[in-house]
Amino acid sequence: MASPTFRAPKGTRDIMWPDAARWRALGQVFAQTVEEAGYTQVIPPMFENIEVFKRLGDATDVVSKEMYDFEDKGGRHMALRPEQTASIVRAFVEHRPLIPWKAWYSGPNFRYERAQKGRYRQFDQVGIEALGPEDPHLDVEVIALAWRFYQRLGLSQITLMLNSLGSGDDRERFIEALQAHFAAHQNELSEASRTTLAVNPLRVLDSKREQDQAIIDSAPKMLDFLSPEAAEHFEKVQQGLDALDIPYTLNPRLVRGLDYYVRTTFEFISDAFDAAQNAVGGGGRYDGLAESLGGPATPGVGFALGVDRTLLACDAEETFPGPTNVVDLFVIDTTGGQAALALTAALHEEGHRADRSWDNRSMKAQMKAADRSGAQIALIIGEEEAASDTVTVRDLRGQSGQTTVPRTQVNETLRKMMR
RNA sequence: GUGGUCGUAGCUCAGCUCGGUUAGAGCACCUGGUUGUGGUCCAGGAUGUCGGGGGUUCAAAUCCCCUCGGUCACCCCA
């Protein structure tokens with residue numbers, strides 16, 4: 001690669017056509033899917049006072065190590081959002097909409113980390129948050145919406161991983177038991193996991209290191225520590241998923257990175273692509289978050305889905321393809337360009353997608369450009385057409401050949417050919 | 001933050017081991033064959049700070065050091 005003076009910052013990239021068009025199409029499918037269920041869009045700012053994100057928990061790397069934080073000109077300590085749940089809940093606390101409040105969002109997030117497949121410093125997420133009800137069927141709705149979204153994209157190789165972290169107290173008791181277990185086997189644990197153990201014992205369960213697997217397998221299971229209430233909630237979530245025929249896999253080792261999760265947690269894994277970053281989405285309950293942001297104690301549940309990773313999964317499953325052409329019509333004018341100027345504008349007025357060639361190039365060059373544009377039909381104006389106020393309409397893809405019609409009949413001819 | 005690996009034309013890559021004339025191929029692009037017709041074919045053409053900097057040498061794409069970037073994994077997470 002020649003070395004351009006400037007390039008997109010590390011860990012970022014330019015999304016260009018056709019990817020950008022596909023990106024937008026994905027967003028449209030998502031918006032439609034969740035709006036069908038009554039979720040309304042929120043567009044929060046991309047940065048917040050850093051304290052908003054610190055409420056997510058100091059033990060998470062997202063907060064402690066990966067934040068793009070800065071001091072603004074007014075001396076305020078701000079940060080680019082590493083995720084949007086905190087912003088949405090902050091907005092909830094600030095505006096106090098009626099509950100249940102069901103919101104959806106879409107947009108970029110920022111985390112300072114080393115890029116790899118499916119992981120970027122600026123990455124897009126779409127998601128929903130539902131605040132108010134404690135009803136386990138709300139958990140089910142949230143999961144079902146993500147599931148429906150994936151299905152509408154044509155993804156079939158998605159596994160739903162499900163777990164419950166219990167209520168706050170259950171979690172405490174579980175962590176104690178976990179600590180005892182790992183402490184007893186400390187010498188067998190990897191060095192990295194011993195460090196993790198000191199900071200956040202739950203996360204040791206997430207280790208991918210070979211050395212740790214046996215000890216993790218023999219560790220106590222969260223599900224054994226659920227209080228009767230939490231167990232009942234979780235049971236109802238499962239029954240609800242069963243009722244909707246949504247398949248899931250119970251995974252007692254599923255502990256999600258953000259500290260705020262309690263009770264139901266879930267993750268969507270793509271089995272179609274071979275990469276470490278195969279979690280295409282995840283979420284759960286965060287019953288304490290509103291309170292920690294200064295609002296009334298309000299239960300909440302939601303998910304975030306990674307747009308980049310979801311599209312990687314689509315690539316792997318060869319589904320949800322991007323567009324193949326940007327225009328349907330292409331105007332060719334070998335008489336100087338004046339005719340193309342007028343005809344192209346007229347076509348746009350009619351709502352057609354039409355492009356044209358420039359610089360008064362040869363017929364051959366213009367035909368080539370027409371072919372390359374992906375257009376179905378070329379509208380040709382040469383000396384003859386210009387003299388007789390006609391246009392030659394040529395089918396570039398089918399067997400219709402070409403026909404020369406008066407300028408006034410172009411629209412009618414196009415209607416017939418495009419049907 | 002740690003480790004592996006890779007940077008040569010717009011793209012995919014050869015050349016580097018063992019330094020030596022003007023740095024190559026395919027695709028794409030442009031022009032012509034076909035002064036009114038693309039997608040096939042033929043002929044010709046344009047395009048490179050060999051990622052950047054420094055060093056060794058008579059001589060560096062090639063050897064050494066540093067650096068930047070891509071990529072993959074750990075970590076973390078979507």
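Note that these values count all heavy atoms, side chains included, but never hydrogens, waters or copies made by symmetry. Every chain is numbered from 1 and lettered A, B, ... according to where its sequence line falls, protein lines coming before strand lines. All values reported here derive from a predicted model rather than from experimental measurement.
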Tell me if the side-chain of [X] makes a donor-acceptor pair with the base of [N], cut-off 3.5 Å, by modelled atom types.
{"X": "A:Arg309", "N": "B:C77", "answer": "yes"}
{"X": "A:Glu385", "N": "B:G36", "answer": "yes"}
{"X": "A:Arg119", "N": "B:C76", "answer": "yes"}
{"X": "A:Arg13", "N": "B:G70", "answer": "no"}
{"X": "A:Gln366", "N": "B:U37", "answer": "no"}
{"X": "A:Gln116", "N": "B:A78", "answer": "no"}
{"X": "A:Asp371", "N": "B:G38", "answer": "yes"}
{"X": "A:Arg394", "N": "B:G38", "answer": "yes"}
{"X": "A:Lys117", "N": "B:G70", "answer": "no"}

Please give the distance between the [atom1] atoms of [N] and [M] as a whole number of Å.
{"N": "B:U57", "M": "B:C16", "atom1": "P", "answer": "24 Å"}
{"N": "B:C6", "M": "B:C64", "atom1": "P", "answer": "13 Å"}
{"N": "B:U12", "M": "B:C72", "atom1": "P", "answer": "14 Å"}
{"N": "B:G69", "M": "B:G52", "atom1": "C1'", "answer": "10 Å"}
{"N": "B:A14", "M": "B:A9", "atom1": "C1'", "answer": "13 Å"}
{"N": "B:U67", "M": "B:C29", "atom1": "P", "answer": "42 Å"}

State whether A:Arg119 and A:Glu66 are salt-bridged, where the test is any N-O pair (Lys NZ or Arg NE/NH1/NH2 against Asp/Glu carboxylate O) under 4.0 Å.
->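 So A:Arg119 does not pair with A:Glu66 through a salt bridge.
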
Phosphate contact ([N] OP1 or OP2) by [X] side-chain N/O below 4.0 Å:
{"X": "A:Arg114", "N": "B:U71", "value": "no"}
{"X": "A:Lys208", "N": "B:C74", "value": "yes"}
{"X": "A:Arg361", "N": "B:U31", "value": "yes"}
{"X": "A:Arg7", "N": "B:G52", "value": "no"}

Mind checking if [X] touches a base, just sugar-phosphate, or nothing, with heavy atoms under 4.0 Å?
{"X": "A:Ala276", "result": "sugar-phosphate"}
{"X": "A:Arg209", "result": "sugar-phosphate"}
{"X": "A:Gln402", "result": "base"}
{"X": "A:Leu396", "result": "base"}
{"X": "A:Tyr120", "result": "base"}
{"X": "A:Ile332", "result": "nothing"}
{"X": "A:Glu66", "result": "sugar-phosphate"}
{"X": "A:Gly374", "result": "nothing"}
{"X": "A:Glu267", "result": "nothing"}
{"X": "A:Gly127", "result": "nothing"}
{"X": "A:Ala369", "result": "nothing"}

Nearest to the side chain of [X], heavy atoms from C-beta on, is which of [options]?
{"X": "A:Asp61", "options": "B:C76, B:G69, B:G38", "answer": "B:C76"}
{"X": "A:Lys10", "options": "B:A78, B:G1, B:G69", "answer": "B:G69"}
{"X": "A:Ser362", "options": "B:A73, B:G32, B:C76", "answer": "B:G32"}

Does a donor on one side chain and an acceptor on the other come within less than 3.5 Å for A:Tyr260 and A:Asp287?
->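 Side-chain D/A pair, A:Tyr260 to A:Asp287: absent.
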
Under 3.5 Å side-chain donor-acceptor pair for A:Asp333 and A:Thr335 =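 Side chains of A:Asp333 and A:Thr335: pair found under 3.5 Å.
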
Cation-pi, A:Tyr120 ring and A:Arg13 (6.0 angstrom, 45 degrees) |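 Pair A:Arg13/A:Tyr120 counts as cation-pi.
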
Look at the aromatic rings of A:Phe266 and A:Phe268 and report parallel, tilted or perpendicular, splitting at 30° and 60°.
->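 Ring orientation of A:Phe266 relative to A:Phe268: perpendicular.
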
Tell me which of A:Gln125 and A:Lys368 sits closer to the 5' end of RNA chain B, going by the nucleotide each one is nearest to.
->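 By nearest-heavy-atom nucleotide position, the 5'-most residue is A:Lys368.
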
Along RNA chain B (nearest heavy atom to each residue), the more 5'-positioned of A:Val280 and A:Lys364 =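 Of the two residues, A:Lys364 wins.
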
